[in-house]
Every structure is written in C-alpha cells, then in structure tokens.
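Counting from 1, the numbers follow the sequence of the chain as shown. Computed from a predicted structure; not experimentally measured.
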Amino acid sequence: MSKFIFVTGGVVSSLGKGITVASLGRLLKSRGLKVSVLKLDPYLNMDPGNMSPLQHGEVFVTEDGGQCDLDLGHYERFIDTNLTKKSNVSTGQIYWSILSKERKGEFNGGTVQVIPHVTNDIKNRILSVAQDSGADVILVEIGGTVGDIEGLPFLEAIRQMRIDVGRDSCLYIHVTLIPYIAAAKELKTKPTQHSVKELRSIGIRPNVIVCRSEKEVAEDLRAKIALFCDIDEEAVIPNTDVDSIYEVPLCFAEYRLDEIVLEKLNLNAGPADLDQWQKMVSSIRGLTRKVVVGIVGKYVTLPDSYLSVAESLRHAGFAQGTSIDLRWIEAEDLETGGLEQLEGLDGIIVPGGFGERGVEGKVKAVQYAREKGIPFFGISLGMQCAVIEYARNVAQLQQAGSVEFGDCTYPVISYRPGEPEVAGLGTSMRLGAYPCLISEDSLSMAAYQERIVSERHRHRYEVNRRYLDMLVKAGMRVTGVSPDGQLVEIIELENHPWFVGTLFHPEFKSRPTNPHPLFVSFVQAMLESR
C-alpha cells in the first residue's frame, strides 16, 4: 500500500513547494523507492491550457497529452519519471465531474455538497494515481497558501486521508517563509507560527516544517519554531537560497529530511545513492565556459513562461562545462527595429506560443540568425516562424504566413490534414507524444543517433504540404516527419552552422542528468561557432 506525503505552503506563494516536492522525491527515489507525484490546484480552470503564461508560467505537457502546471516539469526533471494528466487536478475538473454526474441523476436526488462529494472526489483522484503508478510513496502538493478560501476543500480532503489510510501512512510537510527584516537584521519566525496555527485550526498538524529563507536559519531559531509549532526540532528543515535549484536535494539530505520522512512513515529503504546527482552539482559549480543565448518571445517579462526551455539549455550546458547566459528579448520590440538586441548572441531560440502578437518580430529574429550564421533553434511556433521567414525571403513567396493569423496569399502553415478549417481556438491541438522519423545525414540524426524518436507536441497548425516542394527546392531540408510521411516534424538548413526547427517541444523531455540531444547539439554548435 502506498504512503502519502502532503505538502502545503504558508505565509506567501511562490515559496518553492514544487522544488521541495521534487527534491524530496529525488531523495526517496535514490533510496530505491518508487515515487509518483500529484499537484492539486485550487483554481476553477479545467487546466492551464487556456491560461496566459503571464498568470502561471508555462504549460507543461505530459506524454499522454495532459496540459499541466509547470511544477510537473520540476517533478519529471528531478525524479526522472514520466507523469500523466492524472497528476494535475484542478477545482474546475472536480466540479465539472461532480456536476456532470448530478445532471445525469447519479446522486439519486441527493443534495450535492462540498463535504462529502467534493472531498471524496479529491481523495479518489489521489488514490487513483497511487493505484495506477503502484508507487511506494505518493507526494501530493497543494497549490496556493494556507488560508486561501479556494484551497479549503483540498485541505479537508488531505485531513480525511489520515483517517482513511491510517496515521502511519500519511505525513504532512508545511513549507513556510522565514522573512529577513533588513532594518532589524533578523529573521522572524512569527509568520511561520501563525501559518502553522492556521493549518492546525483546520485539523492538520505538520510533521515537518521546511523554512524558506534568504539567510541561514540558525539552530536557536529552529528550536524556537519547534517549540511554538509543537514538532520535533530535527523536523524543522532549513531551505536557504542556493545558486542552483539542483543543489536543494543535497541540502535536504544534509538535514536528513529523507531519513526523517522514512522514520515517520515506518518505511524501510536502502541507503541513498546520490553519486550521479552530486557529480552533476559539482559540474554546475565548476562551469568554465559561457554562451549567450537570446530567447525571443512575447512572454519574456515572466521567464517562467519558458521555464523548460531555459532548464533544457542549462542541462545541456552542465554536460559540456558551459554556463548559459540567457537574454530575454521581447518579440514585439523587433517588429519596428531593435535588432541591436540580437548582436553579440551566440545563439537564438524562438520558443513555442500562440497568437499573432510578436510574430513579425520572431520572423525578423529568424532572418537575422539565418543571414548572420548564428545557431538557431525554433520550437513549435518558432519552427513555424522559420518556415514563414524562409518562404518569404528565400523561396520568394513574399506574402507567406499562417492561417492562425488570418488570410494570407501563401498559407505555408495551415490546418492539419482532415481538420475542419475553423480559425483560432476552434481547431483541435496535437497534444502529447507522437513518433518522428529522422532522416539520415542530418543534424537531428547526429544528435539523436536514432531513426525513430518520440516527442511531445502542443500546437494546432502544421507545415502546408502544398508548398513543401517549393521550400525544399529553395534549400530547406525536411529531416523529420511522422511515420506516414504526412506531417513535417523537423526542418533544417544546410550551409549554416546550426539551424533546426521542431514542431514538437523537446524541452519537455530534458533531464539534468540526461540532457536532450537537440539542446546538447545546439550548445555544441554555439561553442564551435564562437
């Protein structure tokens, strides 16, 4: 039977609950335990798919096509396991499910209430992940902050879980802020005390408190927190700011977090094997080279909008002793000039996205990279922009564009074959993992060293095969296609240091200890071009 660890947050949001969960998951996996993870989000949206990245950061996509919170990316990267759409549950999904049943008469005329119907649905979803995964430990992160009204049903559900599965099978971790008051030159524990008091008033007594702080939490402060919050002193775990998020598992190991969890859950496990992780962290601390990469997008004011792209670049850099200096470039700034922002870059990435805003700036960034011989990586919409740019400026289809952005003379990006021609959100997306057949003698084959690969997708439109012959004759190479040959997956250019566009999102499959081959090849090209 699975054991359950529930992680809540207090005082403020964005404390790093996701990193805490991912780091603990890594430690438990390093001891030979099978781990799975679940994120409960209190918002009413069905999923983040229709939410602006400026609200919650990027939309992470699972193998089975789930559009999920970016924390699932952290989980997959740290624990090195593929999760499913079941691993992200929102209030919207729960209410939709319950109200659909009510309309069908499945409650036999009974009154539908938050307790027990909503809380039972939450618990059933947690247990379903446990059953499907067969994991020894299920880590469950509750989004938001204790005290938020929308989070109360989730907190009540995890309180009831202790009764349903037994006290020895449940453990509660509370992540809280220890603020530093610069004028007083002190860390303050009172917000943590109040946050724990709020949690206990709901009926949940935390077994472990993880203290986020910018300064070191001294032993006397940990003792004070333990006394006022009524937990063991050793269970007050500091989580001080570090240079890299990948150091956090080692910091937790130093304070025996995994051992404390195993003791409180009465779990037997082998010793932690963190050799590979320690080597990776050592390599991060010893990076001797640097490349400057420009990321051209329309959500760059919140870098979390492209979190997986940034982390994938870093992973590739770790493997090659290279630090990645990211320059965030607003695509709209390039539409009427601003190309000087692209000067001095070792590489340019145009990542995925939707909508017309900033597209012309992205096309100009592609043209700059192509003409100046700068290594270029176009991902999803970035690849579509590369096709549009090549069609306009090389294949002489000056009015080339995409049907996503309205009528155009040469729609080189168009609807998927068989899809009805309905503009905007009316067309369905290709979501999740699809196979791709790689061409011999290509940059992609040199990177993958495999003929068939599987990559995750999140897009609505495809390269229009009506114009493919013209593009190929003009010099564009199609080096990756669907197994039936009908859909273009990868394009490349010859006589260029490195120019690759992928309709899929390779960033979703990169791991810190196993960087994605295309990102590794991209970083190598930048180093060689320098």
ask   = Does Arg256 pair with Glu263 as a salt bridge, N-O distance under 4.0 Å?
value = yes
key: Modelled atom types, side-chain donor and acceptor of Gln193 and Thr189, under 3.5 Å   = yes
message = Between Lys197 and Asp230 (salt bridge meaning N to carboxylate O under 4.0 Å), is one present in this structure?
response = no
ask   = Which of these passes side chain to side chain donor-acceptor pair (under 3.5 Å) with Ser308: His74, Glu58, Glu507, Glu76?
value = Glu58
ask   = Are Val281 and Leu250 close enough that some pair of their side-chain heavy atoms sits under 4.5 Å apart?
value = yes
query = Is it true that the side chains of Tyr43 and Gln55 contain a donor and an acceptor less than 3.5 Å apart?
reply = no
request  = Could you please spell out the steps behind the ring pair (Phe, Tyr, Trp, His ring centres under 6.0 Å) verdict for Phe519 and Phe377?
outcome  = CA-CA 9 Å; Phe519 281 93; Phe377 200 171; 5.1 Å; yes
query = Should Glu332 and Lys298 count as an ion pair when the cut-off is N to O under 4.0 Å?
reply = no
query = Is any side-chain N of the basic residue among Lys85 and Asp47 closer than 4.0 Å to the acidic one's carboxylate O?
reply = no
request  = Evaluate the side-chain proximity of Ile142 to Val7: yes if any heavy-atom separation is below 4.5 Å, no if none is.
outcome  = no
key: Derivation of the side-chain hydrogen bond (donor to acceptor under 3.5 Å, both in side chains) call for Lys34 and Ser133   = CA-CA 9 Å; Lys34 187 175 182 182; Ser133 66; 6.0 Å; no
key: Check: Ser30 side chain, Ala272 main-chain N or O, donor-acceptor pair, under 3.5 Å   = no
ask   = Are Ile379 and Val350 side-chain neighbours, meaning at least one heavy-atom pair lies under 4.5 Å?
value = no
request  = Hey, can you tell me if Phe522 and Trp498 have their rings parallel, tilted or perpendicular (30° and 60° cut-offs)?
outcome  = tilted
Side-chain ion pair, Glu219 and Arg222, N-O less than 4.0 Å = no
message = So that I know where these two stand, are Tyr368 and Phe376 an aromatic pair - ring centroids less than 6.0 Å apart?
response = no
query = Using 30° and 60° as the class limits, which term best fits the ring planes of Phe60 and Phe508: parallel, tilted or perpendicular?
reply = perpendicular
ask   = Out of Ile209, Thr176, Thr8, which one pairs with Leu199 under the side chain to side chain contact (heavy atoms under 4.5 Å, CB included) rule?
value = Thr8
inquiry  = Testing the 3.5 Å rule here: is there a donor-acceptor pair between the side chains of Asp80 and Asn514?
reply    = no
query = So, do Ser380 and Arg458 sit near enough that their side-chain heavy atoms are less than 4.5 Å apart?
reply = no
task = Before giving the answer on ring pair (Phe, Tyr, Trp, His ring centres under 6.0 Å), spell out for Trp328 and Tyr299 the whole-Å C-alpha distance, their side-chain angles and the decisive distance to 0.1 Å.
result = CA-CA 9 Å; Trp328 301 96; Tyr299 304 118; over 10 Å; no
inquiry  = Using the side chain to side chain contact (heavy atoms under 4.5 Å, CB included) definition, which of the options Leu262, Leu28, Leu171 pairs with Val137?
reply    = Leu28
task = Report the residue from Lys509, His505, His516 that forms a side chain to side chain donor-acceptor pair (under 3.5 Å) with Glu455.
result = His516
request  = Assess the side chains of Lys39 and Ser87: does a donor N or O sit below 3.5 Å from an acceptor N or O?
outcome  = no
message = Checking side-chain polar atoms at under 3.5 Å, does Asn82 have a donor or acceptor matched by the opposite partner on Arg456?
response = yes
